[in-house]
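Heads up: the structure comes next, in structure tokens.
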2 protein chains.
Amino acid sequence: MRAPSPGRPARADALRNYEHIVETAREAFAERGPEVSLNAIAQRAGIGAGTLYRHFPTREALIEAVYRSDIAALTDRAAELAAAHDPLAALESWVREQLVPAQQRPGIATTLKDALARAPEAFSLSKERFNQAADSLVRSAQAVGAIRQDVETRDILRMAAGIATSSEGDPAACKRMLTILFDGLRPAG
Amino acid sequence: MRAPSPGRPARADALRNYEHIVETAREAFAERGPEVSLNAIAQRAGIGAGTLYRHFPTREALIEAVYRSDIAALTDRAAELAAAHDPLAALESWVREQLVPAQQRPGIATTLKDALARAPEAFSLSKERFNQAADSLVRSAQAVGAIRQDVETRDILRMAAGIATSSEGDPAACKRMLTILFDGLRPAG
DNA sequence: ACCTGAACACCGTTCAAGT
DNA sequence: ACCTGAACACCGTTCAAGT
């Protein structure tokens, strides 16, 4: 069993198609949501359906390519915050101001959920790096005793995802739930 | 604009079809998940697709009918727990032992999410009653100061839904997240 | 090597025709 | 009144045929 390896192709014309599909999909996801028909994306990009499917064997693969740069930005931002603030402030700021807003954009929640589920297999470098960045923030906060020891990084990511996706269009509710989450993360009394 | 009113029909043959569709759908959802084709359900029930669509104009309506009794059981259980325990124990027991396990069954999470979103319009009695039961548990716990005042019932339901659906197949993670939730619900310090 | 686009087996949904 | 089931416009996916 070989890995799907959805890498960028080498030949110039194939690479052009690949990039063009990703850009077209980005527009289509933004306009119509992440459930938009793949045939429609192919047609809009002016290429055959088979070309889309060879480059991106699953819808997931296409979504991943579209949001790869966003995942990378989240990863970079985590490192910046860790360098500039104390561990708890860095973690809280990252979740509240970067992760949750990102997950409220269509498509990216799916990607991050997938990152969380599959990263152990390390099939995608950007997802692996994302998980490591999140884990680093959490471990640092635990190391200084700012949050409880009996929590795992994926618990926080999952709860943040649940809050982000369930509070669509209600920022006040989102803030309330995040406050509950972070109060619940305090060291057990 | 008239309400869809997906009530049970009066004529005996139509009622028989209605009930048979619900039972067939219940089996199909359990076996194949809540995304199973409606045409497949109709065929399996031995009725025409049009009959299914007249009784249940949307997939949501069919799911609602299938899980109506489960919603009612959850509602009843809330009242029982409120009568038998102190408010915090009742709320915590209800969420941990009834609500979250229920949401982990396929289909019912969708129904409860819908209940939460639409209950203000009170278009379905069982959903309205469910929300009132949950609200009663939360208000009682707030009245005795057992949980924070600045939380709304729907925040708790949403977070519980997020935890239930994101922790599939990992009971230990589910327990950890529920502990974070309930610690976060303590009166603000 | 890579691409096209017709073709396949599906899907949700509708509606003329039946009883 | 209620039901049937063919028909419509789609969907994801594949693959022979081209370049």
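Keep in mind it's a predicted model, so treat the numbers as computed, not measured.
Counting to the nearest Å, the C1' atom of C/dC15 and the OH atom of B/Y53 are 14 Å from each other. As rounded to whole Å, 18 Å separates atom C1' of D/dA1 from atom OH of B/Y18. We find that CG of A/N39 is positioned 17 Å from P of C/dA9, with the value rounded to whole Å. Separating the CZ atom of B/F56 from the C1' atom of C/dT14 is a distance of 18 Å, rounded to the nearest angstrom. If you take CZ of B/R59 and P of C/dT13, they are 8 Å apart, rounded to a whole angstrom. In this structure, CD1 of A/I21 is placed 12 Å from C1' of C/dT4, rounded to the nearest angstrom. As rounded to whole Å, 18 Å separates atom P of D/dG5 from atom CG of B/L38. Distance, B/Q43 CD to D/dT4 P: 13 Å, rounded to whole Å.
Phosphate contact (OP1/OP2 of C/dC3, side-chain N/O of A/R54, threshold under 4.0 Å): present. Within the structure, every side-chain polar atom (N or O) of B/S37 is placed at least 4.0 Å from both OP1 and OP2 of C/dC10. In terms of phosphate contacts, A/N17 brings a side-chain nitrogen or oxygen within less than 4.0 Å of OP1 or OP2 of C/dC3. A close approach under 4.0 Å does occur between a side-chain nitrogen or oxygen of B/H55 and OP1 or OP2 of D/dC3. For C/dC2, the OP1/OP2 oxygens have no side-chain nitrogen or oxygen of A/T51 closer than 4.0 Å.
Closest contact between the side chain of A/I47 and the listed nucleotides C/dT13, C/dG12, C/dT4 involves C/dT4.
B/I163 pairs in a side chain to side chain contact (heavy atoms under 4.5 Å, CB included) with only one of the listed residues (B/Q103, B/M177, B/Q104, B/R158), which is B/M177.
Residue contacts shown for A/A14 are limited to sugar-phosphate atoms, with no base heavy atom under 4.0 Å away.
Distance alone, capped at 3.5 Å, places no donor-acceptor pair between the B/R129 side chain and the B/D76 backbone. Under a 3.5 Å cut-off, the side chain of B/T179 and the backbone N or O of B/K175 do form a donor-acceptor pair. Proximity of a side-chain donor or acceptor of A/W94 to a complementary backbone N or O of A/L74 within less than 3.5 Å is detected.
Base-pair partner of C/dC15: D/dG5 (Watson-Crick or G-U wobble, both distances under 3.5 Å).
Projected onto DNA chain C by closest heavy-atom contact, A/D13 and B/A40 fall at different nucleotides, the more 5' of which corresponds to A/D13. Heavy-atom distances to DNA chain D give each of B/P9 and A/G50 a nearest nucleotide, and the one nearer the 5′ end belongs to B/P9.
A donor and an acceptor atom, one from each side chain of B/D135 and B/T153, are located under 3.5 Å apart.
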